[in-house]
Protein chains: 4
Amino acid sequence: MGIQERKEREKGRRRQQIMIAAKRVFSLKGFNKATMEDIANEAELSPGTLYLYFKNKDELCASLSLRILQYLNIKLKHVNSEKDLEPRQKIKALKEAMYNVYEFDPLILINMFHLQSSESLKNLSPQLVSDIRELSNNSIKEMADIFEEGIKKNVFIDKKPVALAETLWALFSGAVLREESKRVIKNDKNYLKLTLEGDFEIFARGIKK
Amino acid sequence: MGIQERKEREKGRRRQQIMIAAKRVFSLKGFNKATMEDIANEAELSPGTLYLYFKNKDELCASLSLRILQYLNIKLKHVNSEKDLEPRQKIKALKEAMYNVYEFDPLILINMFHLQSSESLKNLSPQLVSDIRELSNNSIKEMADIFEEGIKKNVFIDKKPVALAETLWALFSGAVLREESKRVIKNDKNYLKLTLEGDFEIFARGIKK
Amino acid sequence: MGIQERKEREKGRRRQQIMIAAKRVFSLKGFNKATMEDIANEAELSPGTLYLYFKNKDELCASLSLRILQYLNIKLKHVNSEKDLEPRQKIKALKEAMYNVYEFDPLILINMFHLQSSESLKNLSPQLVSDIRELSNNSIKEMADIFEEGIKKNVFIDKKPVALAETLWALFSGAVLREESKRVIKNDKNYLKLTLEGDFEIFARGIKK
Amino acid sequence: MGIQERKEREKGRRRQQIMIAAKRVFSLKGFNKATMEDIANEAELSPGTLYLYFKNKDELCASLSLRILQYLNIKLKHVNSEKDLEPRQKIKALKEAMYNVYEFDPLILINMFHLQSSESLKNLSPQLVSDIRELSNNSIKEMADIFEEGIKKNVFIDKKPVALAETLWALFSGAVLREESKRVIKNDKNYLKLTLEGDFEIFARGIKK
DNA sequence: TATGAATGAGCATTCATTCAT
DNA sequence: CATGAATGAATGCTCATTCAT
């Protein structure tokens, strides 16, 4: 029984090890130029081993996206659970949560958009697809709850909470992508915090009464 | 000379023909699943012919991005050149310009982010890379000019115009990507116009005095 | 038009070239140990070229089987069309036809039995599968016609012609396989003709009145 | 010593267990599509354990063939040992023995022909190869003995007994294969007994005076 | 003895690119 | 200029086999 458990945990650790390696390699080479062999080398494992833990390359990539969505979800739930925070403070907490997600792995966010290709979806197990869908929807919902509270308390202007949440999400992913494109154009990451700050400030100004 | 010119124009036409086909195929299959043969078929040309007009696949893709940036640039220049527009009206015109870009080709915008992979950049001619850089910077600059004018005329709050322009760009690309990810999650495009509207409204509210 | 035709013929030639190489390699190494690269080398082509002419390895193998069935079918049709032959003479002609098939390609007959694996069938185009089925059934039917004529003319004992045809086919494929297994055990092919003769003699003795 | 013996017997049991599982899996998937892991699962053992009892996959397969040859040999010896049977009755007994072999495992007979691939032979231990050879030859010899007796007693026509035995073997393996190919073509096993009967009847008619 | 996770060589297949016509 | 057949390097994935426990 204890043995069973330890094995489960060991298996989880291996998956983590592979995902960390994959993250590094995807970040470095991009999803398509990264080969399974690259990832195996990075993880100091053999290619075959990767397939013991992930059905195929697409599923490995999608699992990375799932991981970051889980991370975000926990953060958002935590913000929402703090009952004595003012709406404005919650917006601030929200901002910080999203910072953390971004810092946790800025580049993998880009890779999340590989999920969009319906071609890739064919290779994923239905379970994984539905998990990702559920978490995405949940994240929007958690954010919307924050806005709803603010509107009820008459602190935010009267907008559909879901629309607000989606706008924030747009702002966020847009900022992430902008940073990414900066890399190409300027190779200069200095303004990241500054510009993310700017985005949120303007956004908050737009929703607050 | 006249012949020379006609040939040049003819060559330009062919390039257009190929890029239109490429756009269609990339939209349909995504950049990576689209093969050069697919594009050749779509263009009713042979694969070999594509290489008479584009050095390689990456360059064909980058040329598409360049094209859309050119389109955006022209639109932005046009907005800026209308001297009698009020700042608030220019924001509105800006919004419409970006709509048009989006409608011109929503999916190719996603593909623009393939340029981020530094691996891909190796395959591009320096000329093309510098063209893209120049146009990107120019677009930001054009937008910044609009904001600067608004700040000077004391209509917009006092923010760095460049930061504003980048925020708008974030908002925009974020909205595009969000629409894209909606496709996966909901397969429902009804809210596109609505949410883009929402984004811009909030953004404008944030910058206007 | 002439060009179109010549190209068609050229394409057919290429297919032949590949099939001849495949036959050689399959004979030498067996179906599973033979790699597509082996076949490409033997055909003095590159691996990719093989896939221009055959969908996959299974289809290449099945095409070989189809070819030999076509050969057999023509031979059988020819025997049947000779109107003035006595039934006993037709049996003799039948024997010789089957000799020829055997000599045409003794080893590929073995490979025909790879088609039995229902797993392999999944990789074949429906057209090819139905072609093979049709030719197999046709071969049995042609043989049965010969027997039917003999029974009608009161030269052969009264047995179901189809059963006779299938028995002959059993005898034939059994002999082929037996020769094959001899290779393992004795590596001695001297008795081939003799034993095939023996089989047919006994068979013929059994069916003749 | 008693312990030694028990261990030996235990070891034999394990081998049987594995071979039974292998037979099931080979029958289901065919030799090449069946993986060692499939067999291990079927045997409710781990893959590694298989290699404690069989040197490699080819040897496991060959051992199955050996087993069926042993079974046939015992049957044939038994027929031959019945001194008071008439030659015609012995032919009948022979027929039944071969039925039993067929029913014991129709599909594994097909797999026997994998031994033909000279590539596979390289992986077998010389001992196993020579065992198989010996048993094959022995089976032919046992059958030949039956025919020889019939010829001596002037009941059968005067043919080389070995040739007769080999013809019978051809007929038999042919019938087996024919049934197999029927599966592909008709998916209809109803006629098995009937056609095997037919084969033997014609064969017997051919050899009897 | 039994395990089963890990291996890594091997292979079918793809596709960007070339070049003889 | 245009073609499209041919290329062959590259890669995802498999699976027989091993070995530390």
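The chains referred to below are lettered A, B, ... by the order of the sequence lines, with proteins before strands, and numbering in each begins at 1.
- Looking at heavy-atom distances under 4.0 Å, A/Ala40 makes no contact with the nucleic acid at all.
- For the pair C/Arg13 and C/Gln16, the minimum side-chain heavy-atom distance is 4.5 Å or more.
- Looking at residues two or more places apart in sequence or on another chain, you find a side-chain hydrogen bond (donor to acceptor under 3.5 Å, both in side chains) between A/Gln127 and A/Asp131.
- For residues 42-54 of chain D, proximity to DNA chain F is found at D/Gly48, D/Tyr51, defined as any non-hydrogen atom under 4.0 angstrom from a strand atom.
- Residues satisfying the side chain to side chain contact (heavy atoms under 4.5 Å, CB included) criterion with D/Phe54, sequence neighbours excluded, are D/Arg15, D/Ile18, D/Met19, D/Leu60, D/Ser63.
- For the salt bridge (charged side-chain N to carboxylate O under 4.0 Å, His left out) test, residues two or more places apart in sequence or in another chain that qualify with A/Arg24 are A/Glu42.
- In DNA chain F, the stems built from three or more successive Watson-Crick or G-U pairs (distances below 3.5 Å) are E:2-21 with F:2-21.
- Rounded to whole Å, the distance from CG on D/Asn56 to C1' on F/dA16 is 9 Å.
- Spacing between atom CD of B/Glu37 and atom P of E/dT14 amounts to 12 Å, rounded to whole angstrom units.
- Annotation: side-chain hydrogen bond (donor to acceptor under 3.5 Å, both in side chains) contacts of A/Gln70 (sequence neighbours excluded): none.
- Protein atom CE of D/Met36 is 14 Å distant from nucleotide atom C1' of E/dG4, rounded to whole Å.
- What separates NZ of C/Lys33 from P of E/dG10 is a distance of 12 Å, to the nearest Å.
- What separates CG of C/Leu60 from P of E/dC11 is a distance of 16 Å, to the nearest Å.
- Considering A/Ile20, A/Asp38, A/Thr35 in turn, A/Asp38 is the only one that fulfils the side-chain contact (heavy atoms from CB on, under 4.5 Å) rule with A/Val25.
- With sequence neighbours excluded, the residues satisfying side chain to side chain contact (heavy atoms under 4.5 Å, CB included) with A/Gln17 are A/Arg14, A/Leu45.
- The side-chain hydrogen bond (donor to acceptor under 3.5 Å, both in side chains) check on A/Glu37 picks up nothing, with sequence neighbours excluded.
- Each of D/Glu10 and B/Lys55 was matched to the nucleotide of DNA chain E holding its nearest heavy atom; the match closer to the 5' end belongs to D/Glu10.
- For A/Lys57 and E/dT13, the NZ to P distance is 20 Å, given to the nearest whole Å.
- For D/Thr35, whose side chain is taken as the heavy atoms from C-beta onward, the closest listed nucleotide among F/dT17, E/dC15, F/dC15 is F/dC15.
- For B/Glu44, the salt bridge (charged side-chain N to carboxylate O under 4.0 Å, His left out) test picks out no residue, with sequence neighbours left out.
- Partners of A/Lys11 under the side chain to side chain contact (heavy atoms under 4.5 Å, CB included) rule, at least two apart in sequence or in another chain, are A/Tyr53.
- For D/Ser130, there are no side-chain hydrogen bond (donor to acceptor under 3.5 Å, both in side chains) partners, not counting sequence neighbours.
- Heavy-atom distances under 4.0 Å link DNA chain E to D/Arg14 of residues 12-20 of chain D, given in residue order.
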